[in-house]
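I have a structure I would like to understand better, so I am pasting it below and will then ask my questions one at a time.
Quick note on labels: first sequence line is chain A, next is B, and so on, each numbered from 1.
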Amino acid sequence: MATFKSELINTLSQRGYLHQCTDLDALDAKAASSVITGYVGYDATADSLHIGNLVSIMMLRRMQQTGHRPIALMGGGTTKIGDPSGRDEVRALADDATIVSRIASIQTTFDRFLKFGSGPTDAILSNNAQWLDKLEYIPFLRDVGKHFTINRMLTMDSVKLRLEREQPLTFLEFNYMILQGYDFVELFHRHGCTLQMGGSDQWGNIVQGVDLGRRMANSDLFGFTSPLITLSSGAKMGKSVSGAVWLSAHRLSPYDYYQFWRNTEDADVGRFMKLFTDLPLDEIARYEALQGAEINEGKKKLALEATALLHGIDNATAAAETARKTFEEGSAGDDLPTVTKSKAEIEAGYTITTANVEIGFAASKNEARRKIQEGSVKINDEKISDENYKLTEQDFRDGAVKISLGKKKFGIIKLK
RNA sequence: GGAGGGGUGGCCGAGCGGUCAAUGGCAGCAGACUGUAAAUCUGCCGGGUUCGCCCUACGAAGGUUCAAAUCCUUCCCCCUCCA
């Protein structure tokens, strides 16, 4: 089974993270004989990372698990430029204050996956604003710009595709790959970082960094990318009942995160366990062998383990218990979205329509009315077909009403 | 600088004076079937509503008309060809 010399590359390869590598054999040899420092960069395009970032976060985690040193690089500087990769339109650029607050919010996610500190394999959190913000234009062009040819840059997918589609590419964005390449060299000088990882869409940017390292620092740097993770049905990964799958709890609750994994397609269970949990491969193989409805046991395990990594075992267990009560017992668990109402508010007339909106099931009252007419709204498991139905004290059992939309969305209205 | 074409709902894309909150497709939501799976089929898919209607919307601002996404004027932006 072990086809590589190093534990790092064996792990990355066996668990499904390997897509492309600039020099796999050399990297493998190096990882077998020394501690490698490697990084992944994250731009602050929102105040939370999302499921699409999780593969690379797990790669950093695998590095640490196999005795190497990961760096999470926050793109405080590059976010001001905007990565054109895979986009047809210029990004809406955030102002400095927004970027700083987003980074502060994002950083907490890494504490769950990596152990930071000053030991030889302790993770490092860095921010490229530290060096990019104070670059001087002419010196930068002379030191770094001279190593990039326009000819080469025009062949990069991020540029070429935009031009082929006749979409505008600003000079600002055109510089993104140069700055990302420069990051790599900077991290090499600061921390001896010799590896950059990322998703397959980052290949071009990463390779530019590897080349720049050879030219500027005469150093051997490595690039490693993971495949784009899609569902077996072909869809892009990243939909939960309440929209995008965010990693920050303020954007997506641990319960909803658990539910996202619980609803994994059958064919993806084993693959996702390898990528997104620490379960040993032989245990994963046992779950993969399950057939038919038994696969649900694997989904529960996947959901529990993946949620525990991000939100802690206590939150994961609570989410699992809420799911069990809600779906298997038909009662209501504690982690469901909750709205609290006073007795006076109920007496003043609180309609089922408003309740659906307040609990987040519908974006507007019209949508809530439609759902009621479609017969998908229930109160305490009783279908409600009157859109003007007002909750009464009789609806409250032990001070709470269970409200549901469809088969998967549940919420609680509590009486204060 | 000159000539022509175009900007429509989350996206693509019809419409070209009234019957247009605007055909289709994608995405999304719900129902049926199931295993909280996939596939399939069905319905819904701007906001508010006392369910009569009302408001907002077809790049922006004015105008013509009983009536405009559709006609006119000005402005902004994109594309193609010529120089």
Side-chain angles (χ1 to χ4, degrees), chain A residues 86-90 92 162-170 230-245 253-273 287-304 306-307 316 319-333 335-337 348-349 351-354 356-379 381 383-390 402-411:
Chain A
R87 308 193 117 242
D88 264 357
E89 280 167 26
V90 180
R162 184 83 74 87
L163 296 180
E164 278 174 0
R165 291 189 196 131
E166 298 178 339
Q167 296 296 321
L169 176 77
T170 63
T230 52
L231 307 184
S232 288
S233 59
K236 227 169 43 175
M237 194 176 184
K239 280 288 180 312
S240 75
V241 283
S242 42
V245 184
S253 72
Y255 170 73
D256 281 336
Y257 189 72
Y258 176 94
Q259 281 297 306
F260 165 73
W261 291 108
R262 176 65 185 81
N263 284 302
T264 297
E265 293 176 19
D266 287 8
D268 292 327
V269 172
R271 192 162 56 103
F272 287 179
M273 278 180 167
Y287 282 107
E288 282 185 298
L290 297 174
Q291 294 296 316
E294 288 181 347
I295 293 173
N296 282 321
E297 292 311 308
K299 293 183 188 179
K300 286 179 197 169
K301 185 69 174 173
L302 168 65
L304 183 71
T307 307
E321 179 59 12
T322 290
R324 194 189 62 77
K325 278 187 186 166
T326 308
F327 287 92
E328 294 177 23
E329 276 181 16
S331 60
D335 277 9
L336 297 175
T351 63
I352 183 68
T353 310
T354 307
N356 266 284
V357 173
E358 287 188 1
I359 213 148
F361 290 168
S364 67
K365 289 185 184 175
N366 266 339
E367 187 182 338
R369 286 191 191 99
R370 261 182 253 122
K371 291 302 166 215
I372 292 163
Q373 279 155 20
E374 286 171 6
S376 53
V377 174
K378 291 178 183 169
I379 282 181
D381 300 315
K383 189 182 289 183
I384 300 296
S385 49
D386 176 9
E387 65 186 52
N388 292 315
Y389 183 87
K390 291 182 175 63
K402 181 168 98 168
I403 176 169
S404 47
L405 174 72
K407 287 171 298 193
K408 288 189 193 167
K409 293 179 186 172
F410 298 92

Legend entry - Between C1' of B/G43 and CD of A/E367, the distance in whole Å: 14 Å
Inset, instruction - Indicate, yes or no, whether a donor-acceptor pair under 3.5 Å links the base of B/C44 to the side chain of A/K371. - result: no
Inset, instruction - Choose from B/G31, B/U36, B/C44 the nucleotide whose nearest atom is closest to any side-chain atom of A/K407. - result: B/G31
Legend entry - Sugar-phosphate only, base, or nothing, as touched by A/T326 at under 4.0 Å among non-hydrogen atoms: nothing
Legend entry - Candidates B/C29, B/G31, B/G47 - which lies nearest the side chain of A/S376: B/G31
Inset, instruction - On RNA chain B, check which nucleotide each of A/G406 and A/N388 is closest to and give me the residue with the more 5' one. - result: A/G406
Legend entry - Complementary nucleotide of B/G1, counting Watson-Crick and G-U pairs under 3.5 Å: B/C82
Legend entry - Separation of B/U49 P from A/R370 CZ (nearest whole Å): 13 Å
Inset, instruction - Let me know the distance between CG of A/D266 and C1' of B/G35, rounded to the nearest Å. - result: 8 Å
Inset, instruction - Check the distance between B/G48's P and A/N366's CG and give it to me in whole angstrom. - result: 5 Å
Inset, instruction - Rounded to whole angstrom, note down the C1' distance from B/U56 over to B/A37. - result: 41 Å
Inset, instruction - Check step by step if salt bridge (Lys or Arg N to Asp or Glu O under 4.0 Å) holds for A/R370 and A/E367. - result: CA-CA 5 Å; A/R370 261 182 253 122; A/E367 187 182 338; 5.2 Å; no
Legend entry - Length of the line joining A/E374:CD and B/C29:P, which is rounded to integer Å: 13 Å
Legend entry - Distance, P atom - from B/G10 to B/G48, rounded to whole angstrom: 16 Å
Inset, instruction - May I ask you to verify whether the side chain of A/Q259 and the base of B/U36 hold a donor-acceptor pair under 3.5 Å? - result: yes
Legend entry - C1'-based separation of B/C12 from B/C58 [nearest Å]: 15 Å
Legend entry - Span that lies between the P atom of B/A39 and that of B/G18, in whole angstrom: 42 Å
Inset, instruction - Please check the phosphate of B/U49 (OP1 and OP2 only) for any side-chain N or O of A/R369 closer than 4.0 Å. - result: yes
Inset, instruction - Indicate the atoms forming the closest heavy-atom contact of A/P254 with A/A319, along with that distance. - result: O-CB, 4.0 Å
Legend entry - Whole-angstrom distance between B/C45 and B/A22, as gauged at atom P: 10 Å
Inset, instruction - Would you indicate what A/G375 reaches in the nucleic acid, counting non-hydrogen atoms under 4.0 angstrom: base, sugar-phosphate, or nothing? - result: nothing
Legend entry - Any A/N296 side-chain N or O less than 4.0 Å from OP1/OP2 of B/G35: no
Inset, instruction - Using the P atoms only, state how far B/U8 lies from B/A69, rounded to an integer number of Å. - result: 16 Å
Inset, instruction - Ignoring backbone atoms, establish whether A/K408 has a side-chain N or O less than 4.0 Å from OP1 or OP2 of B/A37. - result: yes
Inset, instruction - Give a yes or no on this: more than 12 heavy atoms of other residues, nucleotides or ligands lie within 6.0 Å of atom NZ of A/K378. - result: no
Inset, instruction - Based on the glycosidic angle (syn within 90° of 0, else anti), state the conformation of B/G15. - result: anti
Legend entry - Spacing of the P atoms in B/A57 and B/A21 (rounded, Å): 14 Å
Inset, instruction - For B/G9 versus B/U64, give the span between their C1' atoms, rounded off to a whole number of Å. - result: 27 Å
Legend entry - Atom of A/T354, atom of A/K365 and distance for their closest heavy-atom approach: OG1-CE, 4.1 Å
Legend entry - Counter-base of B/U56, judged by Watson-Crick or G-U geometry with both distances under 3.5 Å: none
Inset, instruction - Would you name the heavy atoms of A/Y255 and A/A323 that are closest together and state the gap between them? - result: CE1-N, 4.0 Å
Inset, instruction - Scan A/E387 against the nucleic acid and name what it touches under 4.0 Å (heavy atoms): base, sugar-phosphate only, or nothing. - result: base
Inset, instruction - Could you walk me through whether A/D268 and A/R271 pass salt bridge (Lys or Arg N to Asp or Glu O under 4.0 Å), step by step? - result: CA-CA 5 Å; A/D268 292 327; A/R271 192 162 56 103; 2.9 Å; yes
Legend entry - Separation of B/G35 C1' from A/E297 CD (nearest whole Å): 11 Å
Legend entry - For A/F361 against A/I403, the heavy-atom pair lying closest together: CE1-O, 3.8 Å
Legend entry - Counterpart base for B/C29, defined by Watson-Crick or G-U wobble contacts under 3.5 Å: B/G43
Inset, instruction - Looking at every strand, decide which applies to A/A323 at a 4.0 Å heavy-atom threshold: base, sugar-phosphate, or nothing. - result: base
Legend entry - Rounded interatomic separation in angstrom, taking CZ from A/F361 and P from B/A30: 10 Å
Inset, instruction - Of all the heavy-atom pairs spanning A/R262 and A/A303, show the shortest one and how long it is. - result: N-CB, 3.7 Å
Legend entry - Distance, rounded to the nearest Å, where A/K301 contributes NZ and B/A37 contributes P: 22 Å
Inset, instruction - Among B/G35, B/U49, B/A30, find the nucleotide with the atom closest to the side chain of A/A293. - result: B/G35
Legend entry - Under-4.0 Å side-chain N/O to phosphate OP1/OP2 contact, A/K365 with B/U49: yes
